[in-house]
A.B. asks: 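To start, I am sharing the structure in question, which I have written as structure tokens.
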Amino acid sequence: MNEGIRQLGAAWRRYQKRYTDLITPEAKYSYANNFHRGYLFGDLDAVAAAPEEWPRERLGSLAFASSPALEKVSVSDEQTSCSVLLLGNAFSSEAGLNTSGSVARYILRTLARKGLNGVDSRIEELGGRFVLVCRDEENCRIFVDPMASLTAYYAKTDERLAVSSHSALIAAAVGEYDSVEKSWVMQHPGYVSGGGKYLPGLVFPHDVCLTVFANHSLDVSLKNYSKSQRRVYPSVSLPALSVEEATDVFIDETRFHLESWLKRSGQTYLALTAGRESRALLSVGLDLLQDYEATCMTYHFFEKNNSSTFKDLQKANQLAEMSNLPFKIVNIPTALTGKGMAKLYNTTFPTWARFPTLASAFYHQLVADANLVIGIGGGIGTGFFRKREDDSITPEVLARKFSNSDIQYDPKMLKLMADYAEFTEFSEDKIKGFNFYDLFHWEHRLSKWASIGYSEYDLSVSAALPMNSRRMIEAMLSVSEAHQFDKSIYEEIQRRSTIS
């Protein structure tokens with residue numbers, strides 16, 4: 001009896017801790033959290049453009065400001081004058097590090113011993129969602145996570161240093177607000193996309209911006225703020241793995257990253273659809289999701305009665321029931337809900353909207369600052385681009401893979417793709433035998449289309465990406481192309497799964 005009472009009391013305390021503060025972003029922030037989970041890094045004048053309520057800190061001659069909701073770690077080595085700033089969440093399965101603090105200290109030790117070039121190889125180990133700033137006495141090098149999911153926009157001008165999660169903050173930092181190139185793309189009569197439009201090549205929401213693409217870093221001279229983006233990955237060719245071997249790596253890596261994410265938040269949602277990626281994530285991490293009392297979630301357009309999201313809803317509900325996990329349905333409104341939401345969204349994203357009604361739904365229906373576990377990343381290793389009719393990288397091929405609508409033929413679009421390939425060193429000799437179709441999806445689409453979506457979610461929740469790991473991606477790309485297209489790793493996971 002006494003043991004039963006003790007267990008009941010312990011369960012009640014866990015319940016209280018978990019559910020007492022479960023309120024929506026609307027209730028917690030009242031539409032006042034512009035640029036939520038964002039940051040601004042650079043020279044002192046640039047950082048002055050950050051929201052007033054963000055704390056300011058120095059990093060040598062530079063400074064940064066960040067949203068209180070964004071995890072940050074700043075460490076330094078006085079003997080070598082080296083410092084590391086880690087914004088967001090980073091993990092390393094290879095080194096067994098599952099907190100940003102331990103990763104930041106790990107990188108600092110490498111920086112102090114081997115310099116900036118020594119960090120290049122360490123960055124390949126890291127997953128999560130982060131921007132990493134490494135600084136010595138003369139230079140600064142900025143890295144992003146494997147899929148560039150926490151954006152690092154930066155000002156093109158060499159006279160200023162401004163790096164941010166949001167292009168609007170870059171525009172404010174340097175006083176340049178034009179978005180002519182974005183308008184040309186979005187208003188192009190030949191650009192048609194049923195799944196939603198995004199921006200190609202070196203076009204960004206503000207003309208003054210560039211971004212640090214996936215698998216690249218940004219080098220900055222601290223003397224004059226001159227900048228150079230460089231490719232840091234891949235450094236070697238891929239091995240050849242069997243489906244069974246690749247599945248083992250996929251499971252080990254995904255579980256490590258999933259648990260690292262689950263440990264950092266009291267509430268977690270798993271975005272669940274009818275797709276294979278989210279089902280694989282559910283199967284691989286079912287016991288962890290149950291232990292941390294995660295809730296499965298999907299969304300549906302009830303007013304529109306959309307057939308594609310209805311299929312997701314049906315399958316997700318079935319999988320959640322089979323997994324003994326709670327299930328939440330988010331209703332997507334037909335327009336932004338209220339003037340407060342419109343002001344919040346349009347202040348944070350003033351020039352371009354990707355999916356504002358989903359951002360609004362999350363803001364009004366999910367728990368503030370919860371984890372939202374998303375199974376994006378698997379498309380890199382399962383043949384997102386199935387039509388591979390050309391063997392060489394050309395502007396025409398890249399334009400066609402950006403959009404199969406008539407915009408692909410516009411000479412300006414072809415010039416944009418040629419400039420992109422040159423800027424990102426996207427050439428056969430630099431990509432070490434990786435299939436360029438896979439790498440283009442990884443580095444271009446995910447650095448741009450996906451990352452802006454995560455920024456929208458950031459107004460409400462924290463996007464948690466257990467599949468954002470080069471070790472996992474490499475394993476998926478190491479099986480034959482036929483197995484990639486057949487999604488054989490997912491088949492093997494399902495064969496091993498307890499979910500029938």
Side-chain angles (χ1 to χ4, degrees), residues 38-50 56-66 70 72-77 80-88 90 104 107-108 110-112 114-124 126 130-145 148 150-167 169-176 202 204 206-233 420 422-425 443 447 451:
Y39 69 90
L40 178 58
F41 165 78
D43 61 65
L44 298 181
D45 290 338
V47 173
R56 270 71 169 163
E57 295 185 40
R58 294 291 295 269
L59 192 70
S61 60
L62 305 175
F64 68 93
S66 59
L70 179 70
K72 64 180 183 297
V73 181
S74 180
V75 292
S76 60
D77 184 289
T80 60
S81 299
C82 293
S83 56
V84 168
L85 170 64
L86 178 56
L87 298 162
I107 295 298
L108 179 63
T110 300
L111 177 62
K114 300 182 178 181
L116 290 170
N117 290 337
V119 179
D120 286 353
S121 59
R122 286 282 185 245
I123 202 71
E124 294 186 14
L126 304 184
F130 64 86
V131 169
L132 178 68
V133 181
C134 298
R135 180 187 180 278
D136 62 19
E137 289 186 297
E138 298 182 349
N139 299 287
C140 176
R141 186 167 293 172
I142 299 168
F143 300 92
V144 291
D145 63 64
L150 181 56
T151 307
Y153 291 116
Y154 63 96
K156 295 178 181 178
T157 174
D158 280 343
E159 288 74 34
R160 302 289 302 280
L161 177 60
V163 183
S164 179
S165 51
H166 293 79
S167 68
L169 292 179
I170 299 294
V174 300
E176 297 184 28
L202 304 183
F204 296 96
H206 289 88
D207 292 344
V208 72
C209 290
L210 289 169
T211 197
V212 183
F213 283 93
N215 298 326
H216 292 71
S217 69
L218 178 67
D219 282 0
V220 181
S221 167
L222 298 179
K223 294 180 180 179
N224 57 14
Y225 297 145
S226 62
K227 304 172 186 70
S228 175
Q229 186 161 168
R230 50 193 284 274
R231 178 175 289 279
V232 296
Y233 180 91
Y420 166 80
E422 180 180 2
F423 183 78
T424 60
E425 302 176 272
E443 297 179 353
S447 293
S451 66

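Please read all numbers here as calculations on a predicted model, not as lab measurements. Count residues from 1 along the sequence. Side-chain atoms are counted along with the backbone in the values below, which use heavy atoms only and exclude waters and symmetry mates.
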A.B. asks: Just verifying a value: how many Å separate F64 CZ and S74 OG, rounded to the nearest 0.5 Å?
C.D. replies: 5.0 Å

A.B. asks: Going by the rule side-chain contact (heavy atoms from CB on, under 4.5 Å), which residues pair with A171 if we only count those two or more places apart in sequence or in a different chain?
C.D. replies: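 Listed in chain order: Y177, H206.
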
A.B. asks: How long is the straight-line distance from CD1 of I170 back to OG1 of T151, given to the nearest 0.5 Å?
C.D. replies: 11.0 Å

A.B. asks: Once rounded to the nearest 0.5 Å, what's the spacing between atom CG of D207 and atom CG of L202?
C.D. replies: 12.0 Å

A.B. asks: Is a donor on one side and an acceptor on the other found under 3.5 Å between the side chain of H216 and the backbone of T424?
C.D. replies: yes

A.B. asks: Sequence neighbours excluded, which residues qualify as salt bridge (Lys or Arg N to Asp or Glu O under 4.0 Å) partners of R141?
C.D. replies: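 With neighbours one apart ignored, the set is D120, D219.
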
A.B. asks: Go through the structure and list residues passing salt bridge (Lys or Arg N to Asp or Glu O under 4.0 Å) with E425, not counting sequence neighbours.
C.D. replies: K430

A.B. asks: Applying side-chain contact (heavy atoms from CB on, under 4.5 Å), can you list everything that pairs with E176, at least two apart in sequence or on another chain?
C.D. replies: V174, V208

A.B. asks: Run E137 and K223 through salt bridge (charged side-chain N to carboxylate O under 4.0 Å, His left out) and show every step you take.
C.D. replies: CA-CA 10 Å; E137 289 186 297; K223 294 180 180 179; over 6 Å; no

A.B. asks: Write down the atom of R56, the atom of A65, and the distance for their closest heavy-atom approach.
C.D. replies: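 Closest heavy-atom pair between R56 and A65: CD-CB, 4.1 Å.
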
A.B. asks: Could you go through the side chain to side chain contact (heavy atoms under 4.5 Å, CB included) check for D145 and L150 one step at a time?
C.D. replies: CA-CA 7 Å; D145 63 64; L150 181 56; 4.1 Å; yes

A.B. asks: Roughly how far, to the nearest 0.5 Å, is CG of N224 from CG of L161?
C.D. replies: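 One gets 11.0 Å once the value is rounded to the nearest 0.5 Å.
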
A.B. asks: The criterion is side-chain contact (heavy atoms from CB on, under 4.5 Å); which residues satisfy it with L222, sequence neighbours excluded?
C.D. replies: L62, R135, C140

A.B. asks: Rounded to the nearest 0.5 Å, what's the gap from CG on L85 to CD1 on I142? Could you check?
C.D. replies: 9.5 Å

A.B. asks: Evaluate the ring planes of F213 and Y420, with Trp represented by its six-membered ring, and classify them as parallel (under 30°), tilted (30 to 60°) or perpendicular (over 60°).
C.D. replies: perpendicular

A.B. asks: Starting from the C-alpha separation in whole Å, work towards a yes-or-no answer on salt bridge (charged side-chain N to carboxylate O under 4.0 Å, His left out) for D43 and R160.
C.D. replies: CA-CA 7 Å; D43 61 65; R160 302 289 302 280; 3.2 Å; yes

A.B. asks: How would you list, by chain and number, every residue that makes a side-chain contact (heavy atoms from CB on, under 4.5 Å) with A63, sequence neighbours excluded?
C.D. replies: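 By the side-chain contact (heavy atoms from CB on, under 4.5 Å) rule, A63 matches L44, V47, R58.
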
A.B. asks: Compute the centroid of each ring, for F130 and then for F143, and state whether the two points are separated by less than 6.0 Å.
C.D. replies: no

A.B. asks: For the atom pair OG (S221) and CG (D158), what is the distance rounded to the nearest 0.5 Å?
C.D. replies: 9.0 Å

A.B. asks: Check step by step if side chain to side chain contact (heavy atoms under 4.5 Å, CB included) holds for D136 and T80.
C.D. replies: CA-CA 8 Å; D136 62 19; T80 60; over 6 Å; no

A.B. asks: Going through the checks in order, is the side chain to side chain contact (heavy atoms under 4.5 Å, CB included) test met by Y154 and K227?
C.D. replies: CA-CA 10 Å; Y154 63 96; K227 304 172 186 70; 3.8 Å; yes

